[in-house]
Asker: 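Just passing along the structure, written as structure tokens.
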Amino acid sequence: MTDRQQTAVICGGTAGVGRATAHAFAQAGYRIAVIARGEQGLADTRSELEATGANVLSIAADVADAEAIDRAADQIEAELGPIEIWVNAAMATVFGPVNKISAAEYKRVTEVTYLGFVHGTLAALRHMESRNRGTIIQVGSALSYRAIPLQSAYCAAKFAIRGFTDSLRCELIHTNSRVRLTMVQLPAHNTPQFDWSRNKMQKRPQPVPPIHTPEVAARAIVRAATDAPRELWLGRASFQAIIGNMFMPGLLDRMMAKQAWSGQMTDEPASDEQSDNLVQPVEGLHRIEGRFGAQAKHKALGLSSETVGKLAAAGLAVTGVIVIAVVAVIAG
């Protein structure tokens, strides 16, 4: 089966990383289904993709609504054909200290950013398991390993996605399933998320540098769909956060307390009139890029977690040999 005959679904595909990913799969020749809430964002995204010659289906649905996502999956199968790739990328968040965020806000972030991934995964599995093929990509973050201040709701959801994904992976292995499951751990990207997420801080939010273009993430997601590593780690900051947290979490706690607090705020005061997309979509901001284009990098190193593990093991082995040699020389 050629890519031209395959269908890729992108949840949260009308802005930022999701929209860039829809473009990347369209350029690779896939039929594209985009799921998101906002009608205007869907219409604009569909028009862009169709202009490239892609076969596109856009569906208005909230990933927090499991039944709506199930219906969307059925519609995609009926209109575009068997779902081969399913990308979970939808997210919503609230920036601010824990004591400024309400229980209702935590609930909503969890319903979208965690349960939305669960609902998408279940919908994809329902169709993929009967054919015993397909690939599900969870768009994760370095923050699924290393939490930072002022993003407790988002970090908790990303941690939960990783736990859910690890459990499901074990089950797929147990049943000898050929459905593939992969997670891409991303660094900071220049997306509209920092323009329309609910903000409880005194200043406007910004991503913690280094910042990358959404196309960097999109290329990694397409690569993950092709290679299906257990995880794909993208960017120097992700490597530092994930590996650093394994060996010195306490030190990182103190570093994040100092650096990640001010590092997530610009000098611009927050606006009380700024609309946010936590409950309803914000029209007019659905685009790929955010407002940090001048700082955004166009490349990032991406390695599978298996490769990182092998490199670490090789490094430890070399270190061990050197230590033994030094001890032998001293003893001699």
Asker: Is the closest basic N to carboxylate O distance between Arg230 and Asp166 below 4.0 Å?
Answerer: yes
Asker: List the atom of Ala123, the atom of Ala73, and the distance in Å for their closest heavy-atom pair.
Answerer: CB-CB, 4.0 Å
Asker: Flag the pair Glu77 / Ile83 as yes when at least one side-chain heavy-atom distance between them is below 4.5 Å, and no otherwise.
Answerer: yes
Asker: Does the pair Arg162/Glu231 count as a salt bridge with the N-to-O cut at 4.0 Å?
Answerer: no
Asker: Taking Asp74 for its side chain and Ala78 for its backbone only, find out whether a donor-acceptor pair lies under 3.5 Å.
Answerer: no
Asker: Is the backbone N or O of Leu125 less than 3.5 Å from a side-chain atom of His127, with the two atoms forming a donor-acceptor pair by type?
Answerer: no
Asker: Looking only at atom types and distance, does a side-chain atom of His212 sit under 3.5 Å from a main-chain N or O of Ala188, one as donor and one as acceptor?
Answerer: yes
Asker: Can you check whether Glu289's main-chain N or O pairs, donor with acceptor, with Asn190's side chain at less than 3.5 Å?
Answerer: no
Asker: A side-chain contact here means heavy atoms from C-beta on lying under 4.5 Å apart; do Pro97 and Leu150 qualify?
Answerer: yes
Asker: Is any side-chain N of the basic residue among Arg287 and Glu48 closer than 4.0 Å to the acidic one's carboxylate O?
Answerer: no
Asker: Using a strict 4.0 Å threshold on nitrogen-to-oxygen distance, state whether Arg146 and Asp253 make a salt bridge.
Answerer: yes
Asker: Strictly below 4.0 Å, N to O, side chains only: are Glu111 and Lys107 in salt-bridge contact?
Answerer: yes
Asker: If only atom types and distance count, is the side chain of Arg108 paired as donor or acceptor with the main-chain N or O of Ala92 below 3.5 Å?
Answerer: no
Asker: From the options Asn88, Val87, Ile10, Ile76, select the one residue that forms a side chain to side chain contact (heavy atoms under 4.5 Å, CB included) with Ile35.
Answerer: Ile76
Asker: Does Val179 offer a backbone N or O that forms a donor-acceptor pair with the side chain of Arg133 under 3.5 Å?
Answerer: no
Asker: I need the minimum non-hydrogen distance between Asn277 and Arg37, along with the two atoms involved.
Answerer: O-NH2, 2.6 Å
Asker: Considering only distance and modelled atom types, tabulate donor-acceptor pairs under 3.5 Å from the side chains of residues 262-270, sequence neighbours left out.
Answerer:
{"unit_1": "Gln264", "atom_1": "OE1", "unit_2": "Gln151", "atom_2": "NE2", "d": "2.7"}
{"unit_1": "Gln264", "atom_1": "NE2", "unit_2": "Pro149", "atom_2": "O", "d": "2.7"}
{"unit_1": "Gln264", "atom_1": "NE2", "unit_2": "Ala260", "atom_2": "O", "d": "2.9"}
{"unit_1": "Thr266", "atom_1": "OG1", "unit_2": "Arg204", "atom_2": "O", "d": "3.2"}
{"unit_1": "Thr266", "atom_1": "OG1", "unit_2": "Glu268", "atom_2": "N", "d": "3.1"}
{"unit_1": "Glu268", "atom_1": "OE1", "unit_2": "Arg204", "atom_2": "NH1", "d": "3.1"}

Asker: Looking at Phe239, is Arg236 sitting on its ring face, NZ or CZ under 6.0 Å from the six-membered ring centre and within 45 degrees of the normal?
Answerer: no
Asker: Closest heavy-atom contact between Pro281 and His286?
Answerer: CB-CE1, 4.5 Å
Asker: For the backbone of Leu49 and the side chain of Thr52, can you confirm whether one donor and one acceptor N or O come within less than 3.5 Å of each other?
Answerer: yes
Asker: Parallel, tilted or perpendicular, judged at 30° and 60°: which one describes the rings of Tyr145 and Trp233?
Answerer: perpendicular
Asker: Evaluate the side-chain proximity of Trp86 to Ile137: yes if any heavy-atom separation is below 4.5 Å, no if none is.
Answerer: no
